[in-house]
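Here is the naming used below: chain letters follow the sequence lines, and residue numbers restart at 1 for every chain.
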2 protein chains.
Amino acid sequence: MTHHSDHRAYFFKIDTTIKKIRNALQKQLTEAGFDLTVDQWVLIDHIFRKQGISQNELAEMTFKDPPTVTRIIDLLEKKGLVERGAAAGDRRKFNLFLTSSGETTYKQAFPIVADIRRKGWGSLNDSDYQHFVRIMDSIYQNFT
Amino acid sequence: MTHHSDHRAYFFKIDTTIKKIRNALQKQLTEAGFDLTVDQWVLIDHIFRKQGISQNELAEMTFKDPPTVTRIIDLLEKKGLVERGAAAGDRRKFNLFLTSSGETTYKQAFPIVADIRRKGWGSLNDSDYQHFVRIMDSIYQNFT
DNA sequence: ATGCAATAATTAGTAGACGAATTGTTGGGC
DNA sequence: GCCCAACAATTCGTCTACTAATTATTGCAT
């Protein structure tokens with residue numbers, strides 16, 4: 001197997017793997033009774049870790065577009081999990097916070113997410129992780 | 001770095017990498033004047049390789065849902081790139097074919113896609129590819 | 001042969017991705 | 001002080017993902 005004949009498949013493999021992880025995570029969240037999508041979880045996680053983050057910061061950190069972040073935050077606000085607070089000194093911005101209901105949800109959902117992560121990584125080890133990071137970063141950089 | 005402290009990030013890394021590849025490919029296709037999305041390309045590629053494939057087969061092979069395939073094929077049919085032919089002996093099915101315009105498009109777009117693939121893989125080698133496949137397959141299997 | 005479960009495709013509804021354009025707002029240069 | 005480029009967020013339009021439900025058809029079992 002030369003990589004010329006076969007690495008055609010790397011896009012496909014990454015694509016199917018991420019889908020599988022997303023599906024597994026979504027399924028667990030839904031079965032555990034959470035009304036949360038994977039992407040909604042990702043934003044909640046970031047807001048918990050950086051209280052008061054702005055939407056643009058959030059977009060950068062999660063590699064989502066600003067309009068996408070707007071829509072997800074809209075949904076989370078409707079569900080009462082996130083609040084948009086006025087940003088001191090800049091009326092264009094919002095500072096995002098979890099409501100107490102949002103924090104509760106975060107703390108309850110976290111173990112489920114952690115389990116899925118552990119399950120996915122399985123018995124792969126540190127050396128595997130280093131290969132993984134090196135290869136992914138390399139592909140990423142090749143497009144930057 | 002123990003993997004316990006850090007492999008939390010693998011979902012994120014896969015997610016951002018696949019986004020980057022998709023964006024690069026989409027950009028190249030668009031700049032080259034093709035009215036094609038990445039997913040539309042993927043279906044065309046499969047139909048070219050297996051003329052007469054059914055929509056369900058296509059869904060399985062690409063890991064897309066049947067409704068998604070229906071919609072993408074609708075679009076490709078409207079653009080005159082794909083034809084739905086009646087399947088002999090089963091009126092529920094369609095056999096999918098590229099039109100001559102579809103074949104032309106395929107052959108013109110292929111080099112662009114191949115370039116992007118090469119660019120993404122860069123100077124990674126066969127050994128890297130083997131690690132990559134092993135790790136991705138392992139994660140995939142851990143959810144199966 | 002009839003009935004019924006499985007199958008192929010579609011429709012409908014919600015969510016997310018992305019690009020382009022828009023609305024306010026801010027701050028630097030003059 | 002005023003203009004204008006940059007910025008934060010939003011709106012709009014198109015496309016894809018996934019679930020659930022529906023339609024039409026098929027084939028197996030009795």
>> Quick one: does any side-chain atom of B/Asn142 pair with a main-chain N or O of B/Ser138 as donor and acceptor, under 3.5 Å?
In response: yes
> Taking atom C1' of C/dT26 as reference, at what distance in whole Å does atom CZ of A/Phe94 sit?
Replying inline: 15 Å
> Does the side chain of B/Thr37 get closer than 4.0 angstrom to OP1 or OP2 of D/dT14 through an N or O atom?
Replying inline: no
> Once the angle between the rings of B/Trp41 and B/Phe110 is folded into 0 to 90°, is it parallel (under 30°), tilted (30 to 60°) or perpendicular (over 60°)?
Replying inline: tilted
>> Here's a test of your reading of the structure: between B/Val38 and A/Glu57, which maps to the more 5' nucleotide of DNA chain D?
In response: A/Glu57
> Phosphate oxygens OP1/OP2 of D/dC7: is one of them under 4.0 Å from a side-chain N or O of A/Asn56?
Replying inline: no
> Looking at A/Phe63, does the NZ or CZ of B/Lys19 lie under 6.0 angstrom from its six-membered ring centre and within 45 degrees of the ring axis?
Replying inline: no
> How far apart are the closest heavy atoms of A/Thr17 and B/Met136, and which atoms are they?
Replying inline: OG1-SD, 3.6 Å
Tabulated below should be each protein N or O lying under 3.5 Å from an N or O of nucleotides 17-21 of chain D; please produce it.
residue : atom : partner : partner atom : Å
D/dA17  : OP1  : B/Lys64 : NZ           : 3.2
D/dC18  : OP1  : A/Asn23 : OD1          : 3.3
D/dC18  : N4   : B/Arg71 : NH2          : 2.6

>> I need the minimum non-hydrogen distance between B/His131 and A/Ile135, along with the two atoms involved.
In response: CB-CD1, 4.2 Å
> Between B/Thr37 and B/Gln26, what is the shortest heavy-atom contact and its length?
Replying inline: CA-OE1, 3.2 Å
>> Any side-chain N or O of A/Gln40 below 4.0 angstrom from OP1/OP2 of C/dG16?
In response: yes
> Closer than 4.0 Å, any side-chain N/O of B/Thr70 to the OP1 or OP2 of C/dT10?
Replying inline: yes
> Rounded to whole angstroms, how far apart are CH2 on A/Trp41 and C1' on C/dG16?
Replying inline: 19 Å
> Between B/Phe11 and A/Val42, what is the shortest heavy-atom contact and its length?
Replying inline: CE2-CG2, 4.3 Å
>> Can you tell me if A/Glu60 has over 12 outside heavy atoms packed within less than 6.0 Å of its CD?
In response: no
>> Whole angstroms only, please: what is the CZ-P distance between A/Arg92 and D/dA5?
In response: 16 Å
> Should A/Gln55 be listed as having a side-chain N or O under 4.0 Å from OP1 or OP2 of D/dT10?
Replying inline: yes
> In whole angstrom, what separates B/Asp35's CG from C/dG19's P?
Replying inline: 16 Å
>> Can you measure B/Ile73 atom CD1 to D/dT16 atom P for me and round it to whole angstrom units?
In response: 11 Å
>> Expressed as a whole number of angstroms, how long is the span from B/Gln26:CD to D/dT16:P?
In response: 9 Å
> Taking all non-hydrogen atoms of both residues, which atom of B/Leu81 and which atom of B/Ser101 are closest, and how far apart?
Replying inline: CD2-OG, 3.4 Å
>> Does anything in residues 74-91 of chain B come within less than 4.0 Å of DNA chain C? Heavy atoms only, and list the residues if so.
In response: B/Arg84
> Rounded to the nearest Å, what distance is computed from the CG atom of residue B/Leu96 to the P atom of nucleotide C/dA9?
Replying inline: 7 Å
